[in-house]
Amino acid sequence: MGVSEPKTLFVAPLSKPDAGSVGKTGTWRHEKPVIDEEKCVKCLLCWLYCPEDTILRREDDMVYVDYDYCKGCGICAQVCPVDAIKMVPER
Amino acid sequence: MPIKLKDLPRIRYNMPGNAACPGCPETMGMRYVKMALGDNVVMVIPAGCSSVIQGINPKSGMNFPILNIVFAAAASAAAGMKAAFEELGRDDVQVVVWAGDGGTGDIGFQALSGAAERNDDIIYICVDNEAYMNTGIQRSSLTPYGAWTTTTWTGKTEHKKNIPLIMIAHDVPYVATASVGYPQDFIEKLRKAASIRGFKYVHLHAPCPVGWRFDPGLTPHVAQLAVKTGLWPLFEYERGKFRVSSFSRMYRKPEKRAPIEEYLKLQGRYKGAGPEVVKELESYVNRLWEWIELLEKSMSPSTTAKKLVSKT
């Protein structure tokens, strides 16, 4: 009885960059950032400092928040020079 | 050339929904790498928070092709990868090592020193959050004096190892320090590094809200305070010339610096720190700036540094 060769199957553990690699991280949030569009001066500092890329830019450089993934760290409210971003508690 | 924020494209630089803690400086830094260098970048990442932030197969939380490798081989793996790219004729690809402070100053130091000595054409970025945050806040050789960690629970009794000055002693073409509090400065330094052939070292100061025990919204503020107190001077060393960066230049004079207490009181890791810790840190800052002044005066590039050629 011959011994059959063991089957070797190489599975490359490759991951592709995609949003939500650990799910919708918006559920981690205690406070959500709310942008006052009238106060905003479009300096883009919140967009620059946001660690999650959840602050996005419209065509006219007005910013908005992706609440699906925003973890609510509050950096955007901290760096805003005109206090246009308020942290509002989640209900 | 100063960076204009409006000119940067409206793309997603990092993938949202990754496993990083709220207010993480590493994902911030990762975005600035993408802003600075664009898409032709391959990352080499040794063990650390950055290997966790990527998340679970089949999705990756970082918008880069990444090779995960053991602690002790990050710089040598990057050097090998760069050699392979050169063999394929892909001169446009930047190989970037993204290592933590433990992977740079403690475990990966021999590979880093070796790659610097061989002058391999890679960019090495050390993301310095001043302890082993991924495994649970153990002390590293880059933890500053007096800081609490789970292995130095009465405060560390030794000073921070100054890796940028050690890298300057290696006489590599480019060494710079940066901070997540000053992204434009970091992006500018990375773009300059990408235009130079040879070994480039950038040390990024990254305050970690979890390990340093401060509010996650204060990450940029704490990073800026570290520069303003003079504890983290921003400088660059380019082909034998040492220069203090513009954001740090005014803190050369001790009277212009912010008080160190202001920096310490924001952080829970300095909760038990008394006035003797402040005094010791102040003398450390003074010694550091004396050293910087000495380096500025001795502008005599070595012969090997002069021979280095620019890519452009």
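Each chain gets a letter, A, B and so on, in the order its sequence line appears, and its residues count up from 1. Remember, predicted model here, so these are calculated numbers, not experimental data.
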Checklist line | Side chain, backbone, both or neither of B:Ile66 within contact of chain A (heavy atoms, under 4.5 Å) | finding: neither
Note to self: Counting only non-hydrogen atoms closer than 4.5 Å, does A:Asp68 touch chain B with its backbone (N, CA, C, O), its side chain (CB onward), both, or neither?
What the structure shows: neither
Next item on the list: Answer with side chain, backbone, both or neither: which region of B:Leu67 has an atom nearer than 4.5 Å to a non-hydrogen atom of chain A?
Entry: neither
Next item on the list: With a 4.5 angstrom heavy-atom cut-off, could you sort out which part of A:Leu14 is near chain B: side chain, backbone, both or neither?
Entry: backbone
Note to self: Please classify the contact of A:Arg29 with chain B as side chain, backbone, both or neither, using a heavy-atom distance under 4.5 Å.
What the structure shows: neither
Notebook entry, point to check: Where is the tightest heavy-atom contact between A:Ser21 and B:Ser60, given as atom of each residue plus distance?
Noted result: CB-C, 4.2 Å
Notebook entry, point to check: How far apart are the closest heavy atoms of A:Tyr49 and B:Gly181, and which atoms are they?
Noted result: OH-O, 2.7 Å
Check: Can a cation-pi geometry be assigned to B:Arg31 and A:Trp47, taking NZ or CZ under 6.0 Å from the six-membered ring centre and within 45° of the ring axis?
Finding: yes
Note to self: If you define the side chain from C-beta out and look only at heavy atoms, does anything of A:Val22 sit under 4.5 Å from B:Lys59?
What the structure shows: no
Check: Taking everything shown except B:Asp39 itself, do over 12 heavy atoms lie less than 6.0 Å from its CG?
Finding: no
Item checked: Closest heavy-atom pair and its distance - A:Thr25, B:Asn18 -> CG2-O, 3.7 Å
Item checked: A:Asp18/B:Arg12 ion pair, N-O < 4.0 Å -> no
Note to self: Is B:Met35 in contact with chain A via its backbone, its side chain, both, or neither, using a 4.5 Å heavy-atom distance?
What the structure shows: side chain
Item checked: Least distance between heavy atoms, A:Tyr69 atom then B:Pro16 atom -> CB-CB, 3.7 Å
Checklist line | Closest non-hydrogen atom pair, A:Pro51 against B:Asn14 | finding: O-ND2, 3.9 Å
Next item on the list: Considering non-hydrogen atoms only, spot the tightest contact between A:Ile75 and B:Pro220 and give its length.
Entry: CG2-CG, 3.7 Å
Item checked: Contacting moiety of A:Lys24, where chain B heavy atoms sit under 4.5 Å -> neither
Next item on the list: To the nearest 0.5 Å, tell me how far B:Thr27 OG1 sits from A:Glu52 CD.
Entry: 5.0 Å
Notebook entry, point to check: Side chain, backbone, both or neither: which part of B:Pro58 has a heavy atom under 4.5 Å from chain A?
Noted result: backbone
Check: Among B:His221, B:Met62, B:Lys6, which residue forms the greatest number of heavy-atom pairs with chain A at distances under 4.5 Å?
Finding: B:Lys6
Next item on the list: Could you tell me the separation between the CG atom of A:Leu48 and the CD1 atom of B:Ile187, rounded to the nearest 0.5 Å?
Entry: 6.0 Å
Check: Checking A:Cys70 against chain B: side chain, backbone, both or neither under 4.5 Å from a heavy atom?
Finding: neither
Next item on the list: Name the member of B:Met30, B:Met15, B:Glu26 that forms the most heavy-atom pairs with chain A at distances under 4.5 Å.
Entry: B:Met15
Notebook entry, point to check: Is B:Pro22 close to A:Trp28 at the side-chain level, that is, under 4.5 Å between some pair of heavy atoms?
Noted result: yes
Margin query: Counting C-beta onward and ignoring hydrogens, is there a side-chain heavy-atom pair between A:Arg58 and B:Arg10 closer than 4.5 Å?
Written below: no
